[in-house]
Amino acid sequence: MTDIEHGNLLSRGVAEIIVEQEFIQLLKSGRSLRLKEGFDPSAPDIHLGHAVGLRKLRQLQELGHKVILIVGDWTARIGDPSGQSATRPMLSESEIEANAQTYMEQFFKVVDRDRTEIRWQSEWFDKFTLDTVIRLMSKFTVAQILAREDFSNRYRSGNPISLAEMLYPLLQAYDSVAIEASVEFGGTDQKFNCLLGRELQQIMGQTPQHVFFTPILAGTDGTQKMSKSLGNYIGIAEPPEEMYGKVMSLPDSLLTQYFELTTDVPDEEIAQFREQLNAQTVNPMDLKKRLAREIITQFHGKQDADKAEENFTRVFQKRELPEDIPEYGFAASSIQDGLYHLDVAPTLLREGIVQSNSELKRLLAQGAVELDGKKVNTSAINARDGSVLKVGKRHFVRIVIK
RNA sequence: GGAGGGGUGCCGGAGUGGUUAAUCGGAGCAGUCUGUAAAAUUGCCGCCCGUUGGGCUUCGUAGGUUCGAAUCCUACCCCCUCCA
């Protein structure tokens with residue numbers, strides 16, 4: 001059994017625990033805790049940023065605690081106020097169902113399914129009447145809700161805040177009441193909502209939950225938080241090669257943070273990395289390769305990690321051809337001396353390798369298209385059967401004459 | 001109900017009758033360099049074509065004025081602030 005105070009359970013991957021001392025006592029008491037984790041079914045993909053918290057959940061599950069996963073089918077209709085998109089179309093039930101499915105497939109890559117209870121918000125919110133809603137709302141004041149940082153920012157800068165959005169924190173808080181959560185999990189950006197849960201539980205005569213905040217992981221751009229809408233994320237269900245590439249393109253400055261939050265590499269070793277980086281006795285690239293392997297091994301297994309590394313070395317470092325190149329059939333208009341004359345534009349467009357003809361023209365003009373290692377400047381080419389076309393940095397196409 | 005301000009490309013944000021497919025910044029893409037890091041540097045960044053050029057469609061929506069509109073007029077829709 002993990003030593004609660006001496007391991008890194010309460011230090012690594014933890015931003016803040018409220019109330020910390022009480023939480024420690026609770027852990028020591030040997031009671032099985034109910035760990036609340038919510039998810040928004042409008043964005044079903046889980047990325048490394050989410051994984052930080054999920055890994056923590058897993059760790060606690062191993063100590064015998066239970067995860068209550070809440071499918072936010074009602075809050076999804078409102079839309080997360082921290083999101084930029086003002087109004088999101090309401091998801092249909094079947095969309096939510098499908099998203100939840102996808103989400104859980106990914107969720108249980110990290111979290112233990114057997115120690116998880118899945119609850120839907122609709123279990124309790126479907127029964128709400130206007131009366132219930134009003135009574136819930138009457139427990140809080142506008143000033144209280146406006147105290148939330150992003151609300152007050154938006155209010156000050158004259159951006160709209162819908163009343164429905166203001167309801168969002170209340171619904172999330174009520175979830176804690178509904179499932180009698182003893183601990184809520186969330187990123188530090190969830191601070192307001194989680195604390196409101198504490199308050200509401202107290203008002204409704206329950207023991208207020210403790211809150212376990214996990215740090216926000218920086219995205220691949222190195223500055224903003226990892227998020228799907230910003231496009232700076234590494235999804236845990238992405239193919240190994242994609243993950244490897246994305247990890248390698250991370251800014252060096254993120255290295256130790258990533259080791260700490262997304263891998264099980266021991267603290268001592270990470271401390272060593274940090275020293276080596278400071279002293280410049282190690283090539284950050286090598287550490288990054290290690291990081292990529294660690295991450296991919298977690299989500300795909302060691303074999304895939306090795307393969308992804310091989311592929312990376314081959315394609316991007318040695319600039320050779322990848323092992324597997326997707327084949328596409330092309331119809332040639334004529335043949336001369338074993339060379340087929342054909343236009344690759346329609347196929348590239350159809351396969352989505354380029355978004356438009358204009359884009360392809362641009363790429364051609366900029367020298368981003370190669371046929372068997374030689375730059376070409378027109379989409380009408382003379383190719384062999386089996387020639388390889390490279391479009392941009394990462395698209396490879398094997399030409400098969402049909 | 002009243003007064004005022006505003007809706008421009010992925011985002012921010014100029015532009016108030018013609019040389020504007022629309023200044024600039026960010027993001028993105030591509031070339032060189034390289035460790036698919038950073039920094040640097042160059043180009044692209046609505047769509048289509050016979051591509052040193054031509055065409056089409058864009059500035060909340062729908063009409064109108066004009067040789068010509070993102071820019072003027074009318075109606076409508078949406079957003080923000082203040083007063084009640």
Side-chain angles (χ1 to χ4, degrees), chain A residues 82-89 146 151-165 218-234 238-259 273-274 276-278 280-293 295-296 308-322 343 345-346 348-350 352-370 373-380 389-396:
Chain A
S82 59
Q84 312 296 318
S85 51
T87 33
R88 233 179 340 205
L146 225 40
F151 280 148
S152 49
N153 282 345
R154 280 160 70 185
Y155 188 65
R156 227 179 302 117
S157 56
N159 288 320
I161 303 167
S162 79
L163 288 174
E165 286 179 294
T220 52
D221 61 304
T223 46
Q224 288 173 287
K225 75 165 185 175
M226 182 173 286
S227 94
K228 197 180 180 189
S229 54
L230 292 172
N232 62 356
Y233 71 101
I234 302 176
E238 288 192 66
E241 283 78 20
E242 279 302 301
M243 286 178 114
Y244 201 98
K246 285 189 178 181
V247 172
M248 291 311 286
S249 69
L250 288 173
D252 292 351
S253 57
L254 257 37
L255 261 173
T256 49
Q257 182 191 347
Y258 267 65
F259 270 114
F273 291 164
R274 198 173 280 123
Q276 290 172 330
L277 285 168
N278 283 337
Q280 300 191 345
T281 54
V282 68
N283 185 343
M285 180 189 67
D286 292 324
L287 289 186
K288 235 184 267 178
K289 283 185 159 183
R290 166 78 186 277
L291 176 65
R293 277 201 307 274
I295 292 174
I296 297 168
E309 179 155 297
E310 261 171 59
N311 179 68
F312 176 82
T313 310
R314 179 202 301 255
V315 178
F316 297 106
Q317 297 195 305
K318 296 187 185 157
R319 300 190 185 220
E320 291 168 2
L321 294 177
D343 188 349
L348 295 180
L349 200 58
R350 177 159 34 81
I353 292 165
V354 296
Q355 295 311 305
S356 69
N357 252 317
S358 301
E359 188 190 350
L360 178 58
K361 300 248 154 94
R362 258 176 249 139
L363 291 170
L364 285 163
Q366 294 181 134
V369 182
E370 288 178 10
K374 287 207 196 79
K375 284 183 183 174
V376 290
N377 51 26
T378 162
S379 63
L389 193 69
K390 182 182 182 189
V391 183
K393 280 185 215 180
R394 10 192 300 203
H395 292 294
F396 293 89

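Model, not experiment: these values are computed from the prediction. Here is how names work: the chains are called A, B, and so on, in the same order as the sequence lines, proteins then strands, and each is numbered from 1.
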Once you apply a heavy-atom cut-off of 4.0 Å, does [X] come out as touching a base, just sugar-phosphate, or nothing?
| X | answer |
| --- | --- |
| A:Gly367 | sugar-phosphate |
| A:Lys375 | sugar-phosphate |
| A:Gln317 | sugar-phosphate |

5'-most by nearest nucleotide on RNA chain B - A:Gly392 or A:Ser253:
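Counting from the 5' end, the first nearest nucleotide belongs to A:Gly392.
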
Which residue lies toward the 5' end of RNA chain B, A:Ser356 or A:Phe316, if each is placed at its nearest nucleotide?
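By nearest-heavy-atom nucleotide position, the 5'-most residue is A:Phe316.
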
Nucleotide [N], atom [atom2] - distance to [atom1] of [X] in whole Å:
| X | N | atom1 | atom2 | value |
| --- | --- | --- | --- | --- |
| A:Arg319 | B:U36 | CZ | P | 7 Å |
| A:Asn357 | B:U57 | CG | P | 19 Å |
| A:Asp221 | B:U36 | CG | C1' | 16 Å |
| A:Leu360 | B:C29 | CG | P | 17 Å |
| A:Lys361 | B:C45 | NZ | C1' | 16 Å |
| A:Leu364 | B:C45 | CG | C1' | 16 Å |
| A:Asn232 | B:G28 | CG | P | 9 Å |
| A:Gln280 | B:A38 | CD | C1' | 12 Å |

My understanding is that a pair needs two contacts under 3.5 Å, Watson-Crick or G-U wobble. By that rule, which nucleotide pairs with [N]?
| N | answer |
| --- | --- |
| B:U81 | B:A3 |
| B:G15 | B:U8 |
| B:U57 | none |

B:U66 and B:G13, which share atom name P, separated by this distance in whole Å
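Pairwise P distance, B:G13 against B:U66, rounds to 36 Å.
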
Would you measure the distance from the C1' atom in B:G31 across to the matching atom in B:A22 and give it in whole Å?
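It works out to 27 Å between them.
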
Measure from the side chain of [X], starting at C-beta and using heavy atoms only, and say which of [options] lies closest.
| X | options | value |
| --- | --- | --- |
| A:Gln366 | B:G35, B:A30, B:U34 | B:A30 |
| A:Leu363 | B:U34, B:C47, B:A30 | B:A30 |
| A:Pro251 | B:A37, B:G35, B:C49 | B:A37 |
| A:Arg362 | B:G35, B:C48, B:C45 | B:C45 |
| A:Lys288 | B:C48, B:G35, B:G31 | B:G35 |
| A:Met285 | B:G35, B:C49, B:C47 | B:G35 |
| A:Ser358 | B:C49, B:C47, B:U36 | B:C47 |
| A:Ala368 | B:G35, B:A30, B:U51 | B:A30 |
| A:Lys393 | B:G35, B:A30, B:C49 | B:A30 |

When rounded to the nearest 0.5 angstrom, what is the spacing between [atom1] in [X] and [atom2] in [Y]?
| X | Y | atom1 | atom2 | result |
| --- | --- | --- | --- | --- |
| A:Gln276 | A:Thr256 | CD | OG1 | 12.0 Å |
| A:Lys390 | A:Lys374 | NZ | NZ | 15.0 Å |
| A:Asp286 | A:Leu291 | CG | CG | 12.5 Å |

Donor-acceptor pair present, A:Asp252 side chain and B:G35 base, under 3.5 Å:
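For A:Asp252, whose side chain was compared with the base of B:G35, there is a donor-acceptor pair (under 3.5 Å).
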
Donor-acceptor pair under 3.5 Å: do we get one between A:Lys246's side chain and the base of B:U36?
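Checked by distance alone, the answer is no.
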
By side chain to side chain contact (heavy atoms under 4.5 Å, CB included) - contacts of A:Lys318 (at least two apart):
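Per chain and number, A:Lys318 pairs via side chain to side chain contact (heavy atoms under 4.5 Å, CB included) with A:Thr313, A:Glu320.
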
Can you tell me if A:Lys246 uses its side chain to pair, donor with acceptor, with the backbone of A:Tyr233 under 3.5 Å?
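Here the side-chain-to-backbone pair exists.
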
Salt bridge flag under 4.0 Å for residues A:Lys289 and A:Glu309
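Looking at A:Lys289 and A:Glu309, the cut-off is not met.
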
With a cut-off of less than 4.0 Å, is there a side-chain N or O of A:Ser249 near OP1 or OP2 of B:A37?
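False: A:Ser249 side-chain N/O out of range (4.0 Å or more) of B:A37 OP1/OP2.
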
Do the side-chain N and O atoms of A:Thr220 and A:Asn232 include a donor-acceptor pair separated by under 3.5 angstrom?
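The answer is no; no qualifying pair exists.
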
